[in-house]
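A note on names: the letters A, B, ... follow the listed sequences, proteins ahead of strands, and every chain is numbered from 1.
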Protein chains: 2
Amino acid sequence: MPPLPKPTKSVTLHDVAREAGVSLITASRALSNPGVVSDKTIARVQQAVEVTGYIPNLLAGGLKSRRSMTVAALVPAISVAQFLPTVQALTESLDAAGYQLILGQGGYDHSREEALLNTLISRRPDGIVMTGLVHSPAARERLRHLRIPVVETWDLSDRPVDMMVGFSHLKVGSAVAGYFLSKGWKRLGIATGDDHRASIRREGFVSTVGHEVPTAVVPAPSNMARGRQALAELLAKDPALEAVYCSSDQLAQGVLAEAQARGLRIPADLAVCGFGDADFAAHMEPALTSVHVDGAAIGRLAAQLLMQRCQGHEVVQRVVDVGFRIIERRSTLAGAG
Amino acid sequence: MPPLPKPTKSVTLHDVAREAGVSLITASRALSNPGVVSDKTIARVQQAVEVTGYIPNLLAGGLKSRRSMTVAALVPAISVAQFLPTVQALTESLDAAGYQLILGQGGYDHSREEALLNTLISRRPDGIVMTGLVHSPAARERLRHLRIPVVETWDLSDRPVDMMVGFSHLKVGSAVAGYFLSKGWKRLGIATGDDHRASIRREGFVSTVGHEVPTAVVPAPSNMARGRQALAELLAKDPALEAVYCSSDQLAQGVLAEAQARGLRIPADLAVCGFGDADFAAHMEPALTSVHVDGAAIGRLAAQLLMQRCQGHEVVQRVVDVGFRIIERRSTLAGAG
DNA sequence: CTGTTAGCGCCTTCAA
DNA sequence: TTGAAGGCGCTAACAG
């Protein structure tokens, strides 16, 4: 390895203390626990901070205090639009409490989960947020043993590692199927991503319908191109398809585009329901029916639970079901289109 | 403050060393610099790691070695779709080199820039990636003084803080205007976000057209709903509009939806060009002409420059222009629609 | 190849 | 209200 750039001796609290004419620890307290220091001293220290351009070293502080003031979040991929509001709300809520987010991309590959968790843990986060459940038993065991607050999100199960903010994907699938059946549609199809949660939704859908339905499974990332392919595939399986449930609004967008390209009228010839209620769903032509999930609320709640635990409070309700609801729009409004 | 949870005395390198029957530093070297340790010792240490469940503490290591193995990235908001491929590629490239990303959301508000940078700097990142330029003079000064590698992205200027990977927004606007003019369209309009880079593109557009053009400025976030409003606004200003340039594909999507809702044929009645070449652009009906920018390449290049500098190498080409190109599709193909 | 020594910058514990 | 030690977990720098 080539020589590293010479370490720039940065301004430390020591320099601030000297500048202010107080001891190191007094300077420390003036900044992090002002209540126990006289106002005069605080003013002197703050001025010294200005003069020296001091920026605290949270790495050093965290070493002794055992609070890194960071939270690690594990997402399959940043570009999965579904989780964006959650990550955004999480970042904002944590920031308001002085915490920073460390992001880890795990893909949908369970085998990478443990390795990635270890990497993140080596940064000693004060909490961990997972999008999805922790699947690897080794990882579950490790997390429990570390006694770090953990929030699993976007799903529910009866054996949380610690805390949980999500909803039932089985019920989502079931609800969409019930909705389709209530409309009198019989020839149903599914366009779905291949991830775990989407599969569970499919399971709920099928079990409510009562029999298997034509399904097009598309690999990640779930986007418009895949949606177009998926509809082509479904129509090949059943040219008389009446309604399609899509595991994401991006897929649904592709399904709609492909349907329109084939001259199918929505919803007269084909009804479409998406999942996620993306910001564009309401503004498409026709507007897209979708399953709404409050992703931002998931992020805020996760942050809230984490912060409570970081401050030593007990959390009574450790599993929060945020629910979901079907937003009916023109793409499934019989009589329209 | 309530009592903090009792610190769980975690497994340290000390425990590993004792378990392996070697000294602390030997254990350290076996893990981080195996080249200088005998194979037998390495094996013993690795086994001790397994037995004890040791996970290194990078905070402690970083304190001494002055390398935190983190990179801070400052984005306006995670949900700005434009930057997603960049952030994703950045995360992946850094991960491959053992670095983690710390994400800071700054909004488009320049006044928050310095505060956020200070927060991030207190984590002592080994490098900083900005989406956009550093605007605040105080922040520029501070970054220079810290001598941390900094990459400004998604833009170019003649006075980089340190390194730069981007393209000219002025040229983008100019190119789109030139393209419209070459098609013979005279009644032009702009639907644009209110951020700095979008404004510069507008400037380039107007200066090539040679006179002001009807403009609808929409606040962030740039999405389909705003696009629909924007077209309504533009048509109110000029009912005979022939072509619209949009500062994002999301806006363009809204413009297209609004046009279709009004019975306008694309592109016969109205031609539309977006910016960003989002993954859905090619699959819309009609397919959307857009300005393609390789966001993932920006992320990869930024990571590459940073890693070089972190390893003490000189970087010769400190400003990289990744360019752009107009992808022509049906939404501007005269004769179609 | 291995070990000893001395901190990194800050905060906790005790004492004044 | 302030200060003096000591140590968090690890790794550079130097010895053996």
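- Between the side chain of A/R318 and the main chain of A/V151, no donor-acceptor pair closer than 3.5 Å is present.
- One can place CG of A/L58 at 10 Å from P of C/dC10, the figure rounded to the nearest angstrom.
- What separates CG of B/L59 from P of D/dC10 is a distance of 11 Å, to the nearest Å.
- If you check the side chains of B/E50 and B/Q46, you find no donor sitting under 3.5 Å from an acceptor.
- The distance from the CG atom of A/L90 to the CG atom of A/L101 is 5.0 Å, given to the nearest 0.5 Å.
- Spacing between atom CG of B/D15 and atom P of D/dC10 amounts to 9 Å, rounded to whole angstrom units.
- One interatomic measurement links the two molecules: CD1 of B/I121 to P of C/dG9, which rounds to 16 Å at whole-angstrom precision.
- Scored by the ring-ring contact (aromatic ring centres under 6.0 Å, His included) test, A/F83 finds A/W154 as partners (sequence neighbours excluded).
- Between B/T52 and B/E19, the side chains place no donor N or O within less than 3.5 Å of an acceptor N or O (distance only, hydrogens not considered).
- In terms of modelled atom types and a separation under 3.5 Å, the side chain of A/E152 and the main chain of A/V134 share a donor-acceptor contact.
- Remark: B/D321 engages no residue in a side-chain hydrogen bond (donor to acceptor under 3.5 Å, both in side chains) (not counting sequence neighbours).
- Taking atom CZ on B/R123 and atom P on C/dC10, their separation rounds to 14 Å, with Å as the unit.
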Pull out every protein N or O sitting under 3.5 Å from an N or O of nucleotides 2-8 of chain D, one pair per line with the distance.
from: D/dT2; atom 1: OP1; to: A/S38; atom 2: OG; distance (Å): 3.2
from: D/dT2; atom 1: OP1; to: A/T41; atom 2: OG1; distance (Å): 2.6
from: D/dT2; atom 1: OP2; to: A/S38; atom 2: N; distance (Å): 3.0
from: D/dG3; atom 1: OP2; to: A/S23; atom 2: N; distance (Å): 3.1
from: D/dG3; atom 1: OP2; to: A/S23; atom 2: OG; distance (Å): 3.0
from: D/dG3; atom 1: OP2; to: A/T26; atom 2: OG1; distance (Å): 2.4
from: D/dG3; atom 1: N7; to: A/R29; atom 2: NH2; distance (Å): 2.7
from: D/dG3; atom 1: O6; to: A/R29; atom 2: NH1; distance (Å): 3.3
from: D/dG3; atom 1: O6; to: A/R29; atom 2: NH2; distance (Å): 3.4
from: D/dC8; atom 1: O2; to: A/K64; atom 2: N; distance (Å): 3.4

Show me, pair by pair, the donor-acceptor contacts under 3.5 angstrom made by side chains of residues 295-308 of chain A, not counting sequence neighbours?
none

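- Residue B/L13 contributes atom CG, which lies 13 Å from atom P of D/dA12 at whole-angstrom precision.
- In this structure, B/L31 places its CG atom 16 Å from P of D/dG9, rounding to the nearest Å.
- Whole-Å rounding puts the A/Y54 OH to C/dG9 C1' distance at 8 Å.
- Fit an axis to the five pairs at each end of the helix from C/dC1-D/dG16 to C/dA16-D/dT1 and the two axes sit 30° apart, to the nearest 10 degrees.
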Throw together a table of side-chain donor-acceptor distances under 3.5 angstrom for residues 29-36 of chain A, partners on residues two or more places apart or in other chains.
from: A/S32; atom 1: OG; to: A/S28; atom 2: O; distance (Å): 2.9

